[in-house]
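We name chains A, B, ... by the order of the sequence lines, and we start the count at 1 in each one. Note that the coordinates shown come from a computational prediction; the quantities given were computed from them, not determined experimentally.
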Protein chains: 2
Amino acid sequence: MNSCAVTVDVVVFTILERKLHLLLIRRLGKPFQGRFALPGGFVLENESVDDAAVRELREETGVHDVYLEQLYTFGEPKRDPRGRVITVAYYALIPPTQDLRSTTDASDAAWFAADDLPSLAFDHARIVDTARTRLRNKLAYTNVGFELLPEKFTLTELQSIHEAILGTPLDKRNFRRQIQQRAALEPLQAWRNTGRKPAQLFRFKV
Amino acid sequence: MNSCAVTVDVVVFTILERKLHLLLIRRLGKPFQGRFALPGGFVLENESVDDAAVRELREETGVHDVYLEQLYTFGEPKRDPRGRVITVAYYALIPPTQDLRSTTDASDAAWFAADDLPSLAFDHARIVDTARTRLRNKLAYTNVGFELLPEKFTLTELQSIHEAILGTPLDKRNFRRQIQQRAALEPLQAWRNTGRKPAQLFRFKV
DNA sequence: TCAAAAGTGTTGAAGATACACCCATGG
DNA sequence: CCATGGGTGTATCTTCAACACTTTTGA
C-alpha cells in the first residue's frame with residue numbers, strides 16, 4: 001500500500017490595529033531554518049485531519065477554541081525538500097485577545113501584517129494567498145467576520161474588519177444597513193468610550 | 001516521520017435524460033465487495049494529488065480531458081476499515097459523449113441518477129453530498145454548467161442542465177437574458193431539429 | 001471651542017422576478 | 001391541422017450605490 005507523510009498547516013488570521021494580520025512561526029530546524037512558516041505538523045495515526053489541525057494550532061501557538069475551516073490540500077511532489085509530504089491547509093479566525101505561546105519545536109510565534117509578510121518556507125506563500133482569497137469571498141455571503149471580534153463590539157469595529165479583509169473602504173451607512181439585515185445584531189445598553197463620542201456595543205445574536 | 005495512505009476519489013457528473021447523473025464503479029475486492037463506490041485510488045510517489053485524480057479517472061473509467069476540481073479532504077481515522085486512509089476528493093464534469101471503459105480493478109462503471117443512488121462504500125455518500133452542494137453553489141457565480149455540454153448546444157439544453165443541478169424549474173425568458181449577459185454565447189448559423197421547431201445552436205465564446 | 005468619531009435617510013440605477021402569446025416544424 | 005417545443009418583451013419590485021450633515025464627547 002502506497003504511503004505519504006501528511007501534514008496540516010493553519011493560516012491564523014486576526015485583526016490588529018485595524019489591519020489583517022496572520023500568525024507565523026520561525027523555523028528552528030531544517031529545511032528553511034530561520035525562515036517563517038505557518039504553524040502546522042504531522043497528522044497522527046489516530047486523529048482525524050481536523051483534529052490534527054486543532055492540536056497543532058494549540059501546541060505551536062497556544063491558540064484554541066477558534067473558528068477553523070479546511071481550506072485546500074496541496075500535494076505537489078516537490079513541495080517539501082525532505083520528501084513526499086502532502087499538506088491539508090486550514091484557516092482560523094481569532095479575536096484579538098488570545099495569548100500566544102512558544103514551545104520547543106516552534107519559537108517566535110508572531111503576528112505579521114498580511115500585506116507585509118516576510119519570505120515564507122515551503123509553498124506557504126501560496127497557501128496564504130489561497131486563504132486570503134477564501135476569506136474575502138466568504139465574507140460576502142456569511143457572517144464569518146464576527147469570528148475576528150470579541151463578544152461585544154461596535155459597528156465601526158465590525159466595519160473596519162470587513163475593510164481590512166476586502167482591502168477597500170466601505171460606506172458607513174450602507175454597511176450598517178446591510179449587516180443588520182443579514183446578521184441579527186443585538187444592540188446592548190453599553191457604550192465604548194475611547195476618547196470621543198461613545199459608540200454603542202452590539203452582540204451577535206444566537 | 002508519521003505516514004498515512006492517501007487516495008483520491010472523484011465524483012464524476014454528467015447529464016443524462018435531462019437529469020444529473022454520476023459515475024460509480026462496482027467494487028471487485030474487499031472491503032465493501034460488490035458495493036458501488038466512487039472511482040479513485042492511491043496517490044503515487046511521484047505525482048501530484050491533482051495528477052493522481054486525473055490518472056485514476058482515466059484508468060478506472062476511461063474519462064479524460066475534463067473539468068476537474070478539488071473538493072475536500074476527508075480524514076476521519078475510521079473511514080476505511082483497512083486502516084488509516086485519507087482521501088482527497090475531486091469532482092469532474094463531463095459532457096454526455098465520452099465512452100466509459102472497464103478495467104480489471106474496477107468493473108461495472110455505470111451512470112446513476114444522482115437522486116436515486118445505491119448504497120455506497122466507505123463514506124462516499126457524504127462525499128457525493130459535498131460535491132452536489134459545491135456544484136449547486138458554483139453554478140450561481142460561474143459558467144461551470146458549460147462543462148456538462150458538448151461544444152454546440154441549444155439554450156434549452158443549457159437551461160435544463162441548470163434545472164437538473166439546482167432541482168428547481170427556471171423561467172425561460174429570465175434564464176436566457178441572464179446567461180447571455182454573463183457568459184458570452186456565440187449564436188451559430190446552425191439549428192438542431194429534433195422533431196419540432198428547430199432550435200438554434202450556440203457555442204461558448206473563448 | 002475644536003477635533004474626532006458616532007450616528008442617521010433618501011434618491012436613482014441596476015438587477016431580479018413574474019408573467020403569456022405567437023411561431024415553425026413534423027406527423 | 002394539431003401537438004410540441006422554440007422564441008420573445010414589459011412592468012414591478014427589490015437590492016445596491018452614492019452621497020453630507022448633526023451629535024457627543026474629551027482635551
Side-chain angles (χ1 to χ4, degrees), chain A residues 15-19 96 136-143 145 149-150 152-204, chain B residues 15-19 96 136-143 145 149-150 152-204:
Chain A
I15 303 284
L16 294 174
E17 296 154 0
R18 308 216 154 171
K19 293 209 183 80
R136 222 179 300 123
N137 292 335
K138 194 117 183 169
L139 203 63
Y141 62 94
T142 68
N143 294 322
L149 283 170
K152 301 174 183 182
F153 51 85
T154 68
L155 294 182
T156 301
E157 288 165 357
L158 181 55
Q159 179 178 345
S160 82
I161 278 182
H162 282 244
E163 290 174 333
I165 293 172
L166 297 175
T168 61
L170 299 171
D171 180 87
K172 185 161 46 161
R173 285 167 290 189
N174 291 340
F175 177 79
R176 287 173 181 226
R177 198 178 326 111
Q178 288 162 19
I179 204 75
Q180 293 192 71
Q181 271 175 15
R182 69 168 148 106
L185 297 182
E186 182 179 15
L188 303 173
Q189 293 310 307
W191 280 260
R192 169 164 302 160
N193 45 345
T194 54
R196 306 303 167 188
K197 178 174 179 178
Q200 187 165 22
L201 292 169
F202 287 78
R203 183 162 59 185
F204 186 42
Chain B
I15 304 283
L16 295 173
E17 294 154 2
R18 307 215 155 171
K19 292 209 183 80
R136 222 179 299 121
N137 292 335
K138 194 115 184 167
L139 203 62
Y141 62 94
T142 67
N143 293 322
L149 285 169
K152 300 175 184 182
F153 51 85
T154 69
L155 294 181
T156 301
E157 289 164 356
L158 180 56
Q159 180 177 344
S160 81
I161 278 182
H162 282 244
E163 289 174 334
I165 293 172
L166 298 175
T168 61
L170 299 172
D171 180 88
K172 185 161 43 160
R173 283 168 293 188
N174 292 339
F175 176 79
R176 286 171 182 229
R177 198 178 325 113
Q178 288 163 18
I179 203 74
Q180 294 192 70
Q181 270 175 16
R182 69 166 146 106
L185 298 181
E186 182 179 16
L188 303 173
Q189 293 311 307
W191 281 261
R192 170 165 302 162
N193 44 347
T194 56
R196 305 305 167 187
K197 179 175 178 178
Q200 188 166 22
L201 292 170
F202 287 77
R203 184 163 56 185
F204 186 40

*Integer-rounded Å distance: D:dT4 C1' and B:Trp191 CH2*: 20 Å
Tabulated below should be each protein N or O lying under 3.5 Å from an N or O of nucleotides 17-20 of chain D; please produce it.
residue	atom	partner	partner atom	Å
D:dA18	N7	A:Asn174	ND2	2.9
D:dA18	N6	A:Asn174	OD1	3.0
D:dC19	N3	A:Arg173	NH2	3.3
D:dC19	N4	A:Asp171	OD2	3.2
D:dA20	N1	A:Arg173	NH1	3.3

_Contact under 4.0 Å: A:Thr156 side-chain N or O vs C:dA5 OP1/OP2_ = no
_Can you measure B:Arg176 atom CZ to D:dG9 atom C1' for me and round it to whole angstrom units?_
14 Å
*If every non-hydrogen atom of B:Pro96 is compared with every non-hydrogen atom of B:Ile15, which pair is closest and at what distance?*
CB-O, 3.5 Å
Identify the pairs formed between an N or O of the protein and an N or O of nucleotides 23-27 of chain C at a distance under 3.5 Å, and give each distance.
residue	atom	partner	partner atom	Å
C:dG26	O4'	B:Gly195	O	2.6

_Taking A:Lys172's backbone N and O only, do any of them form a donor-acceptor pair with A:Arg177's side chain (distance below 3.5 Å, no angle check)?_
no
*Looking only at heavy atoms, which two atoms of B:Arg18 and B:Thr156 are closest? And how far apart?*
NH1-CG2, 3.7 Å
*Roughly how far, to the nearest 0.5 Å, is the CD atom of A:Glu186 from the NZ atom of A:Lys152?*
10.0 Å
_What is the separation between atom CZ on A:Phe153 and atom P on C:dA5, rounded to the nearest whole Å?_
20 Å
*Round to the nearest Å and state the distance from B:Gln180 atom CD to D:dG9 atom P.*
12 Å
*Could you tell me whether the side chain of A:Phe202 reaches within less than 4.5 Å of the side chain of A:Leu155, counting heavy atoms only?*
yes
*Decide if atom NZ of A:Lys138 counts as having more than 12 heavy atoms of other residues, nucleotides or ligands within a radius under 6.0 Å.*
yes
*Report the distance from atom CD of B:Gln159 to atom P of D:dG7, rounded to the nearest whole Å.*
11 Å
*Just by distance, do the side chain of A:Arg182 and the backbone of A:Thr142 share a donor-acceptor pair under 3.5 Å?*
yes
What donor-acceptor contacts under 3.5 angstrom involve side-chain atoms of residues 160-168 of chain B, with partners at least two apart or in another chain?
residue	atom	partner	partner atom	Å
B:Ser160	OG	B:Glu157	O	3.0
B:Glu163	OE2	B:Gln159	NE2	3.1
B:Glu163	OE2	B:Leu170	N	2.8

*asked:* What contact category does B:Gln181 fall into here, base, sugar-phosphate, or nothing, at under 4.0 angstrom with non-hydrogen atoms?
replied: nothing
*Atom CG of A:Leu158 to atom C1' of C:dA6: distance rounded to whole Å?*
15 Å
